Peer 1: 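Take this structure first; my questions come after.
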Protein chains: 2
Amino acid sequence: MLPLRAIARRILSPSFRASRCSSSISSFPRTISSLLHTPLSDEKASETVTITGWVRSVRRMKNVSFAHVSDGSTIHPLQAVLTKEQSENLSMGASVKITGEWKESVRGKGQQSRELLAEKVEVFGEADPLTYPLQKKYQTPEFLRTLLHLRSRIPANTNLLHLRSGLISTLTAFFAENSFIQCHTPVITSSDCEGGGEVFTITRPKDFFKTPKYLTVSGQLHLETLVAAVPRVWALGPTFRADKSDTARHLSEFYMLEVEIAFIDTLDPLIALIEDMVKTLIRSISTSRLGRETLSAAGGGDKAKELEERWRGLLERSWSRITYTEAISRLGSAVEQGDVQFVSPPVWGAALQAEHERFLAQTVFNGPVFVTDYPKGLKPFYMLPSVSTPPAPEGGETVACFDLLVPTVGELVGGSLREHRYDELLAEMRRQGITVRDEDEEAESLRWYLELRKWGSVKHGGFGLGFDRLVCYLAGVENIREAVAFPRWYGRCDC
Amino acid sequence: MLPLRAIARRILSPSFRASRCSSSISSFPRTISSLLHTPLSDEKASETVTITGWVRSVRRMKNVSFAHVSDGSTIHPLQAVLTKEQSENLSMGASVKITGEWKESVRGKGQQSRELLAEKVEVFGEADPLTYPLQKKYQTPEFLRTLLHLRSRIPANTNLLHLRSGLISTLTAFFAENSFIQCHTPVITSSDCEGGGEVFTITRPKDFFKTPKYLTVSGQLHLETLVAAVPRVWALGPTFRADKSDTARHLSEFYMLEVEIAFIDTLDPLIALIEDMVKTLIRSISTSRLGRETLSAAGGGDKAKELEERWRGLLERSWSRITYTEAISRLGSAVEQGDVQFVSPPVWGAALQAEHERFLAQTVFNGPVFVTDYPKGLKPFYMLPSVSTPPAPEGGETVACFDLLVPTVGELVGGSLREHRYDELLAEMRRQGITVRDEDEEAESLRWYLELRKWGSVKHGGFGLGFDRLVCYLAGVENIREAVAFPRWYGRCDC
């Protein structure tokens, strides 16, 4: 009998789970990943298989040709051995179906110990080498961004699709196991929640809605509605900012992971949940083939090592925490001691600039740091005053909020406790000029949001995490325009 | 040593998985669901617990009061036993925290064998009975739709949040196990794909993009891009139609589950996948507490029985399949035999009307039916001609497509093989007047879509399933405006 650990491993392994799969799936072509990563059974020295995919390269020798074929199931291609005639119409990018003997490589060269000895080769779609834009030479990310419809065929971009998908499915399981309800918050909304932000406006068809509508900038207010019915909710959906900044960290359409939890009265559970969640994601990738391929895709030796180091650092350390007031004082002394120079001097009451955030995350903490309790004047109307009043300059009011800063990416998460008291919220909304019309007027205001505090209000809080930024951070990708298959930013909506 | 099966059960059980959960979660309040559904351990006749939630009802006796408290984790409330004083400020809708002894009920009345003998009662947020809109009497769905921000507190609506979330997480696991990649297709798009459809247009900020942009009507074209890199993709995201029809089956913003698969050359694998997928969803709910609560929430005895019957029928039968041409002939003979009368006579070449679809699904097949190979003239430009030419009137061209019709809901899924040949696609696009500009003009056209056929094109196909309609169908809910927390339709974007 197998030892317990081995049984557990077997039951939890992908191949065991695959065996429970449905009959419809078994009719799909065998994936190259399943061929490369399943040992040949001992009895068989070879087996006849059929694969489909795209040619990544062809090497023509005198009597024989080698084609590397990829089907997107793994970043590694399969090596097929072809006769001269079989390889005639093959070129990079062409789609093919090859049937042959899958067997030990007699040549033993390269990374693969097995190869496909082609018997039948069928070309589905050719790729004229004279026009095909993805030739084998290195293409810059900028160039590839002009070819959004083709760039997913590049192995590093294929891997990003896998990684993004893997992170979503791990997140979904994580939240389900922890009794969170996944919700869909609306894209078309009546109010420009955060105020001041640039929003996209829908004006046509004319008169479809009574007034102009906006693309949501956050699902938070709607999640607050739901958290008054089910105390743990989360959402992963598109949000929009008509932000003209042309940086590697901003998109006009981006995915936010938002969480809202009722019956909490400090930031602690939110902060602990974020750390747990991200560590769960890293554990899931770092122990899997997805992780190994992400490291390969990250680039040559040093880049992969750096990324693995990043994962390890995130996993092993307990993440840092500091109040805004402490951060300002920390930044001030660093300037005084001549350790650093900033364009904007760090001043209590002013926003932390990107340069300040970078210094905190990269130099002071060398890892993720939660900065809590920012001045009230810097934050939106819905935040609760700080719970335990941290030291602050006289008269300096702070709110119970946090930003999570991480090296290279900057702000990854923003969260807070929400003002749950009717009178205090109303006063703050009025102070900030937010429309709260009377009951007999059209319900185009945030009255509904205020009303959540009228009946059965509870303490609650939540956060929003920039999912595309997280993908960048975990993949070691520098520009957020690579983390999304079809990025939109100022002036750009190709494809 | 435990037998193998028992070990497997233990490893796969929720409690084992929960034990791997992170410390952050354990700090959350105990859910009422976990109390109601976990037996008291044998040694303990009672234990001290703290619960938080909302009061659903208060019954005041002479010396004692009974409060039903719900926290949204289950549709069943917990019964708390309070002194007269403790229940003083309690009313329906108020939020509370109660600490007390969780023990066998001495009264033994009602459905619960245990109750919470309150020691300490704290009211977080009161709910004035004079103004609280959700009084205990029955509220119509129409009335509740005017209170989107509150209606999730109604048990049947709370259950729909759970059901929707449960379906998403089962789908995510299903697709992950079957090596499908989950993708995010863009909301802001440059083209009005299906043509003719009413689209929402983003016009502001002016000049943010060079030309007006649209809210996506389908992610299909973008998924076709990705399926040329990873052969099995899926997406679940918002799609939009500025459709003025005011029916129980249409929303302006709705969720589509879209799948695209490469290297297939018949409709069979798509049809088999849909049947598998929906059966997997039904199996997952029908054997779980979520399913039992969905049946309770569906309403009194008969409604629950009907719904359970529906699930069983969907699971046990193999789903029907018929060509459009056969369907027309079937409808025609039914009319001839006087079995049915239609407002629009069924004629080859004309669209199936809702009345026809209803008759097919409800009367002819009494269950889901795939109708395949519609006339080309009824369908969009991207569909492949029928693979095996089914019998059709002379000169009647059909395409390789299908609609899945189900009773009560009507069209649930639409899918097809896609035209993968460059010349044929270009000809059809030109015929239908779709912009395919030359290379040197601005890339605002569908040139990118056409170019997918230029290099390494492969046969492929896919489908889109109306996720909100599926939620309705599986929950036994009649109006799609209940399946979404914040529905948008013609003239309505409340909250």
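Labels below follow one simple rule: chain letters A, B, ... track the order of the sequence lines, proteins then strands, and each chain is numbered from 1. Computed from heavy atoms alone, side chains included, the values below leave out hydrogens, waters and symmetry copies. All of these numbers come straight from a predicted model, not from anything done at the bench.
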Peer 1: Checking heavy atoms, do the side chain of Leu163(B), its backbone, both or neither come under 4.5 Å from chain A?
Peer 2: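 No part of it gets close to chain A.
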
Peer 1: What's the shortest heavy-atom distance between Ser95(A) and Val458(B), and which atoms?
Peer 2: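 The answer is CB-CG1, 3.2 Å.
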
Peer 1: For a 4.5 angstrom cut-off between non-hydrogen side-chain atoms, does Phe200(A) reach Phe209(B)?
Peer 2: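 Of all side-chain heavy-atom pairs linking Phe209(B) with Phe200(A), at least one is under 4.5 Å.
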
Peer 1: Among Ala485(A), Gly237(A), Ser91(A), Ser457(A), single out the residue with the greatest number of heavy-atom pairs under 4.5 Å to chain B.
Peer 2: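 The candidate making the most pairs under 4.5 Å is Ser457(A).
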
Peer 1: Check whether any side-chain heavy atom of Asp494(A) sits under 4.5 Å from a side-chain heavy atom of Trp448(B), and report yes or no.
Peer 2: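 No, too far: nothing below the 4.5 Å cut-off.
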
Peer 1: Minimum heavy-atom separation for Leu226(B) and Ser152(A), please, with both atom names.
Peer 2: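 Result for this residue pair: CD2-OG, 3.2 Å.
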
Peer 1: Checking Leu148(B) against chain A: side chain, backbone, both or neither under 4.5 Å from a heavy atom?
Peer 2: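 Looking at Leu148(B), just its backbone touches chain A.
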
Peer 1: For the candidates Cys183(B), Ala94(B), Gly491(B), which exhibits the highest count of non-hydrogen atom pairs separated by less than 4.5 Å from chain A?
Peer 2: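 Most heavy-atom pairs under 4.5 Å with chain A: Gly491(B).
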
Peer 1: In terms of ring plane angle, is the pair His222(A) and Phe486(B) parallel, tilted or perpendicular, where the classes change at 30° and 60°?
Peer 2: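 The arrangement is perpendicular - the two ring planes meet at more than 60°.
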
Peer 1: Please look at Ile261(B) and chain A and tell me whether the side chain, the backbone, both or neither of the residue comes under 4.5 angstrom of a heavy atom of that chain.
Peer 2: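 For Ile261(B), the side chain is the part near chain A, not the backbone.
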
Peer 1: If I measure from the heavy atoms of chain B, does Lys279(A) come under 4.5 Å with its side chain, its backbone, both, or neither?
Peer 2: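 Contact with chain B: none, neither part.
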
Peer 1: Sort Ala228(A) into side chain, backbone, both or neither according to what part of it lies under 4.5 angstrom from a heavy atom of chain B.
Peer 2: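 For Ala228(A), the contact with chain B is made by backbone and side chain together.
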
Peer 1: Relative to each other, are the rings of Tyr255(B) and His184(A) parallel, tilted or perpendicular (30° and 60° limits)?
Peer 2: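 Ring orientation, 0 to 90° scale: parallel.
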
Peer 1: By a 4.5 Å heavy-atom criterion (distance strictly below it), what part of Arg153(B) contacts chain A: side chain, backbone, both, or neither?
Peer 2: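 It is both, since atoms from each part get that close.
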
Peer 1: Measure distances from Thr31(B) to the heavy atoms of chain A and classify the residue's part below 4.5 Å as side chain, backbone, both or neither.
Peer 2: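 Just the side chain, heavy atoms under 4.5 Å.
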
Peer 1: So which part of Ala242(B) gets closer than 4.5 Å to some heavy atom of chain A, the side chain, the backbone, both or neither?
Peer 2: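 When you check distances to chain A, atoms from both the backbone and side chain of Ala242(B) fall under 4.5 Å.
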
Peer 1: With a 4.5 Å cut-off on heavy-atom pairs, point out which of Gly93(B), Ser70(B), Ser73(B), Ser34(B) contacts chain A the most.
Peer 2: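 Highest number of heavy-atom pairs under 4.5 Å: Gly93(B).
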
Peer 1: Where on Trp489(B) is there a heavy atom nearer than 4.5 Å to chain A: the side chain, the backbone, both, or neither?
Peer 2: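 Interface part for Trp489(B): backbone (N, CA, C, O).
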
Peer 1: Heavy-atom distance under 4.5 Å to chain B: side chain of Leu236(A), backbone, both or neither?
Peer 2: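 Contact with chain B: side chain only.
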
Peer 1: Is Arg204(A) reaching over with its side chain to a backbone N or O of Thr203(B), donor-acceptor style, under 3.5 angstrom?
Peer 2: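 Side chain of Arg204(A) to backbone of Thr203(B), a donor-acceptor pair under 3.5 Å: no, none is there.
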
Peer 1: On a heavy-atom basis, which atom in Phe263(B) and which in Val96(A) lie closest, and how many Å separate them?
Peer 2: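 Shortest heavy-atom contact: CE2-O, 4.4 Å.
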
Peer 1: Heavy-atom distances under 4.5 Å only: say whether Tyr449(A) touches chain B with side chain, backbone, both or neither.
Peer 2: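 The answer is neither part of Tyr449(A).
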
Peer 1: With a 4.5 angstrom heavy-atom cut-off, which part of Leu270(A) approaches chain B: side chain, backbone, both or neither?
Peer 2: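 Neither part; nothing is under 4.5 Å.
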
Peer 1: Do Thr201(B) and Ile202(A) come close enough that some side-chain heavy atom pair is under 4.5 Å?
Peer 2: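 Thr201(B) does not reach Ile202(A) side chain to side chain.
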
Peer 1: Considering only heavy atoms and a distance below 4.5 Å, find which of Gly456(B), Gly72(B), Pro133(B), Gly166(B) pairs most often with chain A.
Peer 2: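 Maximum pair count with chain A is reached by Gly456(B).
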
Peer 1: State the CD-OG1 distance between Glu451(B) and Thr131(A), to the nearest 0.5 angstrom.
Peer 2: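 Spacing of CD (Glu451(B)) from OG1 (Thr131(A)) equals 9.0 Å.
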
Peer 1: Between Thr172(B) and Ser169(A), is a side-chain hydrogen bond (donor to acceptor under 3.5 Å, both in side chains) present by the stated rule, with each step listed?
Peer 2: CA-CA 6 Å; Thr172(B) 305; Ser169(A) 91; over 6 Å; no

Peer 1: Are any non-hydrogen side-chain atoms of Pro238(B) and Pro238(A) less than 4.5 angstrom apart?
Peer 2: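 Heavy-atom side-chain distance check passes, below 4.5 Å.
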
Peer 1: Go through the atoms of Tyr422(B) and report whether side chain, backbone, both or neither lie under 4.5 Å from a heavy atom of chain A.
Peer 2: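 For Tyr422(B), neither part sits under 4.5 Å from chain A.
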
Peer 1: NZ/Lys97(A) to NZ/Lys459(B) distance, rounded to the nearest 0.5 angstrom?
Peer 2: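 Those atoms lie 8.5 Å apart.
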
Peer 1: With a 4.5 angstrom heavy-atom cut-off, is it the side chain or the backbone of Asp207(B) that approaches chain A, or both, or neither?
Peer 2: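 Interface part for Asp207(B): backbone (N, CA, C, O).
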
Peer 1: Report yes or no: does Trp54(A) contribute a side-chain atom to a donor-acceptor pair with the main-chain N or O of Ala229(B) at less than 3.5 Å?
Peer 2: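 The answer is no, because no donor-acceptor pair under 3.5 Å joins these two groups.
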
Peer 1: Can you name the closest pair of heavy atoms from Pro231(A) and Asp71(B) and give their distance?
Peer 2: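 Looking at all heavy atoms of both residues, the closest pair is CD-O, 2.8 Å.
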
Peer 1: Ignoring hydrogens and geometry, is there a side-chain-to-backbone donor-acceptor pair from Glu253(A) to Pro186(B) under 3.5 Å?
Peer 2: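 No.
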
Peer 1: Side chain, backbone, both or neither: which part of Asp243(B) has a heavy atom under 4.5 Å from chain A?
Peer 2: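 The backbone, not the side chain.
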
Peer 1: I'd like to know whether Val230(B) forms a side chain to side chain contact (heavy atoms under 4.5 Å, CB included) with Thr158(A), so could you lay out the CA-CA distance, the side-chain angles of the two residues, the decisive distance to 0.1 Å, and finally the verdict.
Peer 2: CA-CA 7 Å; Val230(B) 282; Thr158(A) 305; 3.5 Å; yes

Peer 1: Side chain of Ser190(B), backbone of Cys493(A): donor and acceptor closer than 3.5 Å?
Peer 2: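 Such a contact is found between Ser190(B) side chain and Cys493(A) backbone.
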
Peer 1: Kindly state whether the ring of Phe124(B) and the ring of Trp455(A) have centres lying under 6.0 angstrom apart.
Peer 2: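 Here the rings of Trp455(A) and Phe124(B) have centres that are no less than 6.0 Å from each other.
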
Peer 1: Determine whether a donor-acceptor pair (N or O, by modelled atom type, separation under 3.5 Å) exists between the side chain of Thr225(A) and the backbone of His149(B).
Peer 2: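 Between the backbone of His149(B) and the side chain of Thr225(A) there is no qualifying donor-acceptor contact (under 3.5 Å).
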
Peer 1: Examine distances only and state if a side-chain atom of Ser165(B) and a backbone atom of Ile181(A) form a donor-acceptor pair shorter than 3.5 Å.
Peer 2: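 Not confirmed, Ser165(B) side chain does not pair with Ile181(A) backbone.
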
Peer 1: Look only at the side chain of Arg488(A) and the backbone of Ile188(B), and say whether a donor-acceptor pair between them is shorter than 3.5 Å.
Peer 2: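 Judged by distance alone, yes, a pair lies under 3.5 Å.
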
Peer 1: Where does Ser179(A) contact chain B at under 4.5 Å (heavy atoms): side chain, backbone, both or neither?
Peer 2: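 Neither part.
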
